[in-house]
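The analysis underlying the following values was restricted to heavy atoms, covering all of them including side chains, and did not include hydrogens, waters or symmetry mates. Just so we're clear, the structure is a prediction, and the values are computed from it rather than from any experiment. Each chain gets a letter, A, B and so on, in the order the sequences are listed, and its residues count up from 1.
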Amino acid sequence: MIKQFLEINGEKVEVSNLDKIFWAKEGILKAHLMKYYVDISPYLLPHLKDRPLTLHPYPDGIDGPSFFMKNCPEHAPPWLETCLYLSEDGETINFCLANDLKSLVWLVNQACIEFHPWFSRVDKPDCPDFAIFDLDPFPPATFDDTIEITQLIKRVLDEFELKSFIKTSGATGLHIYVPIGRKFTYEDTRNFAMRVSYIIHRVYPEKVCMEWDVEKRKGIRIDYTQNVKGKTLASPYSLRPLEGAPVSTPLPGRN
DNA sequence: GTCACGA
DNA sequence: TCGTGACAACGCCGT
DNA sequence: ACGGCG
Ligand SMILES: [Mn+2]
Ligand SMILES: [Mn+2]
C-alpha cells in the first residue's frame, strides 16, 4: 500500500482512503471532504482556535457507524494540541484542539465530518465568548417560521444593542451567536438566553415552543440549554453528516 | 480510523 | 493472524 | 429523587 501525504508548510500529514465514498447518493468521496476543509480552513480555523472539540468520526461515511470522540486518542501525533479538562467529579478528558491546518487535516483524515467546538476557550473555560440560541423547527413549523422567529430574537438583541451573528445549522434550523466578551459565566449566558426566549414565547405562544419533552414539541423550539460548559453546536463552516452534505453557513448581516 | 486485546 | 470492542458521558431540565 | 435532553 502506497502511503499518501498532504504537505502543509513543508510538513507532511498522512492521509488515507481518499477514494472511499462518504456520501453515496451524492457521490462525494473522502477526497472531496478533505478538499472542502483545506479550502475552507482560512475561514474555519479562526472559529476553532483554542476551543476544546467534541468530534464525531464516521470512518465509513455517513451511512456507516459513527462514534463520539472527546478524549484525544493515544495514537494522535505529538504535535496535535490538546487541552486537559477536569470535570467536577474528578474525571479527566484530554480534548483535541484544531489550532492549525495540519491538525485539521489529521482530524478530517480520522473521518471527522463535523466539528463541535466549545463556546469558551482553553485559557478561560468558564467564560464563553458567546451566548447562543439554537432554533429547531418541529411540525408544523417551516424553515420560514424559523427565519421569522430568528429575526424577532435579533430585533430584541438589537434593542439591547447586542451584535448577533446568524447561521444555518446545516440540519433544519438556525443558530444565533451573541458575542459577550468573556465577562460572564455559562450560567449567566444560559439565563440571558432563557429570558429572551421566554419573551419571544410570550409574543408568539402559538409559534414558539419551550417544551422539554421532544414528543410534545410543536413549532419553533428555542433551545437555550446549550449554554453550558462542554455543550456545543456544529461550528460555522462545519459539514454535516446528512443528505446533501450541508454546511453550517454564516449568513450576512444587513451591514 | 486506529489500536488493544484475546482466540 | 484475524475478529471484535472501544472510542461520551455530563450537566442541566422539568417535575 | 428521577428520567429526559443534547
Ligand atoms: Mn437543538
Ligand atoms: Mn439545532
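By the criterion of side-chain heavy atoms lying less than 4.5 angstrom apart, applied directly or through intervening Ile, Leu, Val, Met, Phe, Trp or Tyr residues, A:Leu18 is grouped together with A:Ile28 in one hydrophobic cluster.
Contacts between residues 18-41 of chain A and DNA chain B, defined by a heavy-atom separation under 4.0 Å, are made by A:Lys20, A:Lys30. Proximity of residues 47-73 of chain A to DNA chain B (heavy atom under 4.0 angstrom from any strand atom) is restricted to A:Pro59, A:Phe67.
Phosphate proximity of B:dG1 to A:Asn17: present, with a side-chain N or O under 4.0 Å from OP1 or OP2.
In this structure, A:Lys216 atom NZ and D:dC5 atom C1' are separated by 14 Å, rounded to whole Å. When rounded to the nearest whole Å, the span between CD of A:Glu114 and P of D:dG6 equals 15 Å. Between the P atom of B:dT2 and the CG atom of A:Leu80 lies a distance of 14 Å, rounded to the nearest Å. For the pair A:Trp212 CH2 and D:dG4 P, the interatomic distance rounds to 12 Å; values are reported in whole Å. Going from atom NE2 of A:His175 over to atom C1' of D:dG6 covers 11 Å, rounded to whole Å. In this entry the distance linking CG of A:Asp213 with C1' of D:dC2 reads 13 Å, nearest Å. What separates NE2 of A:His75 from C1' of B:dT2 is a distance of 5 Å, to the nearest Å.
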Determine, step by step, whether A:Ser235 and A:His47 satisfy the side chain to side chain donor-acceptor pair (under 3.5 Å) criterion, reporting the C-alpha distance in whole Å, the side-chain angles of both residues, the deciding distance to 0.1 Å, and the verdict. CA-CA 7 Å; A:Ser235 78; A:His47 294 286; over 6 Å; no
Evaluation steps, side chain to side chain donor-acceptor pair (under 3.5 Å), between A:Asp223 and A:Thr225: CA-CA 6 Å; A:Asp223 186 1; A:Thr225 71; 2.6 Å; yes
Working for ring-ring contact (aromatic ring centres under 6.0 Å, His included), residues A:Tyr37 and A:Phe115: CA-CA 11 Å; A:Tyr37 274 117; A:Phe115 292 87; 5.2 Å; yes
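Note that CG of A:Leu239 and OG of A:Ser248 are 10.0 Å apart. Values are rounded to the nearest 0.5 Å. Of the inter-residue distances, the one linking A:Tyr186 atom OH with A:Thr189 atom OG1 reads 7.5 Å to the nearest 0.5 angstrom.
Nearer to the 5' terminus of DNA chain C, by closest-nucleotide assignment, is the contact made by A:Lys231 (compared with the other of A:Lys231 and A:Glu211).
Nucleic acid contact for A:Tyr186: none, since no nucleic acid atom lies under 4.0 Å from a heavy atom of the residue. At the heavy-atom level, A:Asn109 lies under 4.0 Å from the strands shown only through sugar-phosphate atoms. Contact annotation for A:Glu74: no contact, since no heavy-atom pair falls under 4.0 Å across all strands. Contact annotation for A:Arg217: backbone-only contact, meaning every heavy-atom pair under 4.0 Å involves sugar-phosphate atoms and none involves a base.
A distance of 6.0 Å or more separates the ring centres of A:Phe130 and A:Phe119.
Nucleotides of DNA chain C lying under 4.0 Å from heavy atoms of chain A occupy a range whose first and last members, 5' to 3', are C:dC7 to C:dG14.
With A:Asn109 as reference, A:Lys30 is the one residue of A:Gln4, A:Glu14, A:Lys30 to meet the side-chain hydrogen bond (donor to acceptor under 3.5 Å, both in side chains) rule. For the side-chain hydrogen bond (donor to acceptor under 3.5 Å, both in side chains) with A:Arg51, the lone residue among A:Asp129, A:Asn99, A:Thr232 that qualifies is A:Asp129.
A cation-pi arrangement is present between A:Lys102 and A:Trp79, with the terminal nitrogen or guanidinium carbon under 6.0 Å from the aromatic centre and inside a 45° cone about the axis. Under a cutoff of 6.0 Å and an axis angle of 45°, A:Lys3 and A:Phe5 do not form a cation-pi pair.
Across the P atoms, C:dA8 and B:dA4 are found 15 Å apart, a figure rounded to whole Å. D:dG6 and C:dC7: their P atoms are spaced 23 Å apart (whole Å).
Electrostatic pairing of A:Glu211 and A:Arg217 does not count as a salt bridge here, judged by no charged N lying under 4.0 Å from a carboxylate O.
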